[in-house]
**Q** 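Got a structure here, written out as structure tokens. Questions coming.
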Amino acid sequence: MSPGKVLQPVLKMKVDELFLCWLSQPATQLILKDCLRRIKNEEKKETGNGDSGNGKTERFTNKNSTSNQFILGDTRLPLVSFSPPQLSTTLPLATPANSRNTSNVRAARRSSGMRAVQTKKEETLPPSLSQNIPTFYFPRGCPKEKVNIDAVIAKIERTFSEFPNERATLEDMGKVAKVRTCWLSFTPIERKHEFCVLWCLVILQTCYDDAAKFVHLLMNPGCNYLVQEDFIPFLQDVVNSHPGLSFLKEASEFHSRYITTVIQRIFYTVNRSWSGKITCNELRKSNFLQNVALLEEEADINQLTEYFSYEHFYVIYCKFWELDTDHDLYIDRKDLARHNDHAISNRMIERIFSGAVTRGRKAQKDGKISYADFVWFLISEEDKKTPTSIEYWFRCMDLDGDGALSMYELEYFYEEQCQKLDNMAIEPLPFEDCLCQMLDLVKPQHEGKITLHDLKRCKLTNVFFDTFFNIEKYLDHEQKDQFSMLRDGEGESQEVSDWEKYAAEEYDILVAEEAASDQWSDGYEAELNPVDHQKANVLKYQMEKRPFFEMPSHLADVDLDEYDYEEDFE
């Protein structure tokens, strides 16, 4: 339809149709007849107050004319009559003066009505209050006090004057970035005026908080969000410049592995919408920028356990390398089934490979998942209390995708658990009894189904999920008292998560195994301290001796998988 086309004629036809329908109702006709009768009586009363001649003429006129039509103001409404009108043989006795008097009465009535309408139209409306509402939406941060651009430029000039020919190299950008405490150390800017234009004229004038500045610096042109590839230059600078990762400089083949791990952990925690696009709002709600600021203060990278810890990367990568027998950085169903001695049920593994929580379409087509997907799996498997892990396993268990776990879906996963228990000569608990326990544990708001909101309110979601697809952890929970587990969950320090506990224990085990292997081979006494274990000579020795560090050279550059999900599952 063209923009200039008007729908008024069609609307008028519809209104006329509805009006005729309303007018044909018997109740409507009775109301109209009653109104007409009242109006006629009032008109007779008004004309009766005039002179007698006029009253006679008016009554005579009404008697002969109202059988066919009735005068209302200046509009004549025809009355429906089923008999032909009766014509009078006597002409009315009226004089020109009487006609003028009658018309004067009608004109006065019309003029008074017009004055009333005009008075209503001339009434002024109160001023709109919407003009006084202040701006409340600031997608790039709320503007603060005005920035002194001249002072900023002066600081930049003093900093660049310390470099030869006033040109900064990539190693010098750390000093330049500290001028305004920004994240420009990874940008390839070496001239002073280019830095001034980027920082003063673009960043300071358009971005008003740290989240907006960070997104604007890393995002692609034309975007207002960050994808996984946008973090690569920033994290490469962290690998090159952070003192806690200095031992990795000579092991360039592991740079991409470490960067991939950190990127997945960032999206795992920050990207709450599962869209694969981190926005300024998501960045503000997270603690990622606070951890970035700690990179300048904390020399031990392992203290930053939420994103940047090398020990956590070491544990994740070793676990993946043990499953990836052909070392192509992809694992299939059989490989993942060997995790933790076949603890995960086959039905759950099928759900993981179905695409419910994986990202790469090519990997799904080939029946494999990538190392990036394994990072999400391992963190979700070892810590089932975080919002992302609850959403991860809820997506896997929600077979029909209706946003709720039905009793059928719970029974579907519990059947395999019963089969495993039978093979272990352990009598399984009947599903009806198990269901009663789980409903008492979760306390769903609606009978007959468990929603994501119900699980997020529950403090023992790990017990719920392990009951249906992790046989080893299910047996561990069965040996504990439920009330004691609840007390332990409430009394645990929020600073140490289940994932951090698991990563610390596994790292100590891996270090001890490596030390024992080295002592057996050549009598080398390795340090068991995790911090000393990161020394360059120790890492180099590990790469030479440990089999799972032998990687094909063509795998050094790995493309990060993109997310395919756009809906917010919350």
Side-chain angles (χ1 to χ4, degrees), residues 141 170-187 199 203 207-219 226 228 230-249 254-255 257-272 278-317 375 379 383 386-388 493-504 507 529-535:
L170 188 60
E171 290 75 14
D172 298 328
M173 287 308 299
K175 298 179 181 179
V176 179
K178 292 181 180 179
V179 174
R180 290 298 296 174
T181 314
C182 64
W183 305 274
L184 283 173
S185 58
F186 54 89
T187 57
W199 180 252
I203 304 300
C207 304
Y208 303 102
D209 63 356
D210 291 341
K213 294 173 184 176
F214 188 87
V215 172
H216 190 85
L217 286 172
L218 269 68
M219 69 183 185
L226 298 177
Q228 295 189 21
D230 296 334
F231 285 87
I232 295 178
F234 166 70
L235 294 176
Q236 185 63 54
D237 177 72
V238 173
V239 173
N240 296 336
S241 60
H242 197 278
L245 296 174
S246 59
F247 59 89
L248 274 180
K249 289 184 179 180
F254 295 106
H255 290 185
R257 308 294 178 266
Y258 174 80
I259 291 174
T260 300
T261 306
V262 175
I263 288 177
Q264 299 310 313
R265 297 195 66 182
I266 292 172
F267 276 79
Y268 186 90
T269 304
V270 179
N271 188 212
R272 301 295 305 117
I278 294 180
T279 61
C280 290
N281 191 31
E282 288 181 326
L283 207 58
R284 294 186 187 104
K285 293 180 180 180
S286 68
N287 63 348
F288 175 70
L289 294 181
Q290 289 83 341
N291 279 265
V292 172
L294 291 176
L295 289 172
E296 294 289 336
E297 304 174 4
E298 184 60 59
D300 185 5
I301 197 71
N302 293 316
Q303 297 300 320
L304 307 178
T305 57
E306 296 192 58
Y307 304 101
F308 303 102
S309 173
Y310 174 79
E311 293 181 1
H312 291 192
F313 155 71
Y314 188 84
V315 170
I316 297 173
Y317 191 71
V375 175
I379 297 177
D383 190 354
T386 63
T388 304
S493 175
Q494 298 298 324
E495 298 179 357
V496 181
S497 63
D498 290 346
W499 163 251
E500 293 177 2
K501 294 178 182 178
Y502 168 81
Y507 184 79
N529 190 334
V531 177
D532 296 337
H533 184 64
Q534 297 174 18
K535 295 180 180 179

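Below, each value reflects all heavy atoms present in this structure, side chains not excepted, and no hydrogens, waters or symmetry copies. Note that the structure is a prediction, hence the values are computed from the model and not measured.
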**Q** Looking only at heavy atoms, which two atoms of A503 and V315 are closest? And how far apart?
**A**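 Nearest heavy atoms, A503 then V315: O-CG2, 3.5 Å.
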**Q** If the condition is ring-ring contact (aromatic ring centres under 6.0 Å, His included), which residues does Y258 pass it with, not counting sequence neighbours?
**A** F313
**Q** Mind checking the CG-SG spacing from D209 to C280? Nearest 0.5 Å is all I need.
**A**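 Here the rounded value is 7.0 Å.
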**Q** Taking H255 for its side chain and Q236 for its backbone only, find out whether a donor-acceptor pair lies under 3.5 Å.
**A** no
**Q** Closest approach of F308 and I301, non-hydrogen atoms and distance?
**A** O-CG1, 3.3 Å
**Q** With a 4.5 Å limit on heavy-atom distance, are the side chains of L245 and N240 in contact?
**A**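 They are not in contact (no side-chain heavy atoms under 4.5 Å apart), so the answer is no.
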**Q** Between V215 and L226, what is the shortest heavy-atom contact and its length?
**A**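 In terms of heavy atoms, the two residues are closest at O-CD2, 3.6 Å.
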**Q** Parallel, tilted or perpendicular, judged at 30° and 60°: which one describes the rings of W499 and H312?
**A**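 Ring orientation of W499 relative to H312: perpendicular.
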**Q** Is there a side chain to side chain contact (heavy atoms under 4.5 Å, CB included) between I278 and F288 once you walk through the steps?
**A** CA-CA 11 Å; I278 294 180; F288 175 70; over 6 Å; no
**Q** Can you tell me if N287 uses its side chain to pair, donor with acceptor, with the backbone of Q290 under 3.5 Å?
**A** no
**Q** Look at the side chain of R265 and the backbone N and O of T305, then say whether any donor-acceptor pair between them is shorter than 3.5 Å.
**A** yes
**Q** Can you name the residues that form a side chain to side chain contact (heavy atoms under 4.5 Å, CB included) with T388, not counting sequence neighbours?
**A**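 Here the qualifying residues are Y268, R272, W274, W376.
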**Q** As a quick check of understanding, evaluate side chain to side chain contact (heavy atoms under 4.5 Å, CB included) for L295 and N291, giving each step before the final call.
**A** CA-CA 7 Å; L295 289 172; N291 279 265; over 6 Å; no
**Q** Closest approach of H242 and A299, non-hydrogen atoms and distance?
**A**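 The answer is CE1-O, 3.3 Å.
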**Q** Measure the spacing between CD1 of I232 and CG of L218 and express it to the nearest 0.5 Å.
**A** 10.5 Å
